[in-house]
Amino acid sequence: MGGRDTPSAAGLRRFHDDLLAAYGCQRWWPTQDEANPRFEILVGAVLTQHTAWTNVEIAIAALREAGPLTARALLEHADLAELIRRAGPHRVKARRLQALCTWFVDRGGFQALEAWSTETLRADLLSLHGIGFETADVILLYAFGRPCFVADAYAFRILERYGWSDGPRNYERLRRRIEAVGPAEDAIFYDELHALIVAHARGRCHKRAPDCAACALAPGCAHARAQAQPNTPRAEAGR
DNA sequence: ACCCAGGGTCATA
DNA sequence: TATGACCATGGG
């Protein structure tokens, strides 16, 4: 049984607030560069693809060791892949980083890109080799401060159980569904929402054995309701 | 010995 | 259009 419910603005707010109460403020994307963290976020967004963040930090540290963390400097490294060896598939990611850095320089950097609309910027990012839906949104959200819902695998798992996602997993469909009821201007909301979903997916809502007894979302969650009352034919749809 | 990790591309049917 | 192989390192 899956999600037949469509989220409402109030429902999404409650979802967010329940997680926030349980896990606290996350302020998610970690950065070493206090002065100018934004380019580091671009780099991290590619390096972290299917790779644990601890390894990404090591790879970023290696890049720093080798020179300034700028697009031009990265493009000049003789063996970029070797520098990021610790970040999983490093040869693949070296090509992706080069594509991203070339794009960044060609477009004139953050100053010029900030003027772009979110939709245009997303489309441009998606045209790059190695930038898919999730990485594009992570960049839009964390490097450009745009209000975007990151519909990653954790989000699908939790929202399917919660009752807000069903059928085949379609990234854009879920993103639009959430953004349709989320605050249009509030990037911090989406920042926290994504971070809280990750925290919850790793802490309670595991793939195999979700810990529904200790779950902060249980009162609104279709899966938890089904656990509590297996015989109820049709659970009441809470807002 | 598996499975997963802050994914995406490409070849195949 | 929908799966599967592949990338490649580390940690549980």
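When reading the values below, keep in mind they use all heavy atoms of this one structure, side chains included, and skip hydrogens, waters and symmetry mates. These figures come from a predicted structure and were not determined experimentally. All chains are named by letter (A, B, ...) in the order of the sequence lines, taking the proteins before the strands, and each is independently numbered beginning at 1.
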Checklist entry - Can a side chain N or O of A:Tyr154 be found less than 4.0 Å away from OP1 or OP2 on B:dA5? => result yes
Next on the checklist: From the set B:dG8, C:dT9, C:dA8, return the single nucleotide nearest to any side-chain atom of A:His50.
Outcome noted: C:dA8
Next on the checklist: I want to check one thing: is the phosphate of C:dA8, taken as OP1 and OP2, less than 4.0 Å away from some side-chain N or O of A:Thr51?
Outcome noted: no
Checklist entry - Between A:Asn55 (CG) and C:dG11 (P), how many Å, whole number? => result 6 Å
Item to check | Between B:dG8 (P) and A:Asp152 (CG): distance, integer Å | outcome: 10 Å
Checklist entry - To the nearest Å, how far apart are A:Arg169 CZ and C:dA2 P? => result 15 Å
Next on the checklist: What I'd like to find out is whether the side chain of A:Val138 reaches to under 4.5 Å of the side chain of A:Trp29, using heavy atoms alone.
Outcome noted: yes
Checklist entry - Rounded to the nearest Å, what distance is computed from the CG atom of residue A:Asn170 to the C1' atom of nucleotide C:dT1? => result 12 Å
Checklist entry - Going by the angle between their ring planes, with limits at 30° and 60°, are A:Phe15 and A:Tyr162 parallel, tilted or perpendicular? => result perpendicular
Checklist entry - Taking the P atom of each, how far is B:dA5 from C:dA2, in whole Å? => result 24 Å
Next on the checklist: Base, sugar-phosphate or nothing for A:Leu128? Non-hydrogen atoms, less than 4.0 Å.
Outcome noted: sugar-phosphate
Next on the checklist: Please give the distance between the P atoms of B:dA1 and C:dA8 as a whole number of Å.
Outcome noted: 23 Å
Checklist outcome for this item: In whole angstroms, the gap separating P of C:dT9 from CH2 of A:Trp53 amounts to 20 Å
Checklist entry - Which residue, A:Gly130 or A:Trp28, contacts DNA chain B at a nucleotide closer to its 5' end, judged by nearest heavy atom? => result A:Trp28
Checklist entry - Quick one: is A:Lys207 getting a side-chain N or O under 4.0 Å of the B:dC4 phosphate, OP1 or OP2? => result yes
Checklist entry - Does A:Arg38 make a cation-pi contact with A:Phe144 (under 6.0 Å, within 45 degrees of the axis)? => result yes
Checklist entry - In whole Å, what is the span from the CD1 atom of A:Ile58 to the C1' atom of C:dG11? => result 11 Å
Next on the checklist: Check the orientation of A:His16 and A:Phe189. Use parallel for under 30°, tilted for 30 to 60°, and perpendicular for over 60°.
Outcome noted: parallel
Next on the checklist: Rounded to whole Å, please give me the gap between CZ in A:Arg91 and P in B:dG8.
Outcome noted: 21 Å
Next on the checklist: Output the rounded distance in Å from CD1 (A:Ile131) to P (B:dG7).
Outcome noted: 13 Å
Checklist entry - Which of the following nucleotides, B:dA5, C:dG10, C:dC7, is nearest to the side chain of A:Pro89? => result C:dC7
Checklist entry - Can a donor-acceptor pair under 3.5 Å be found between the side-chain atoms of A:His90 and the base atoms of C:dA8? => result no
Checklist entry - Once the angle between the rings of A:Phe104 and A:Phe110 is folded into 0 to 90°, is it parallel (under 30°), tilted (30 to 60°) or perpendicular (over 60°)? => result perpendicular
Item to check | Shortest side-chain distance from A:His129, nucleotide among B:dT9, C:dA8, B:dG8 | outcome: B:dT9
Item to check | Counter-base of C:dA5, judged by Watson-Crick or G-U geometry with both distances under 3.5 Å | outcome: B:dT9
Checklist entry - Below 4.0 angstrom, N of the basic side chain to O of the carboxylate: do A:Glu179 and A:Arg175 qualify? => result yes
Checklist entry - When all nucleic acid strands are considered with a 4.0 Å heavy-atom cut-off, which category describes A:Val92: base, sugar-phosphate, or nothing? => result sugar-phosphate
Next on the checklist: What's the closest nucleotide to the side chain of A:Arg96 if the choices are C:dT9, B:dT9, B:dA5?
Outcome noted: B:dT9
Checklist entry - Using atom P of each nucleotide, how far apart are C:dG10 and B:dG8 to the nearest Å? => result 23 Å
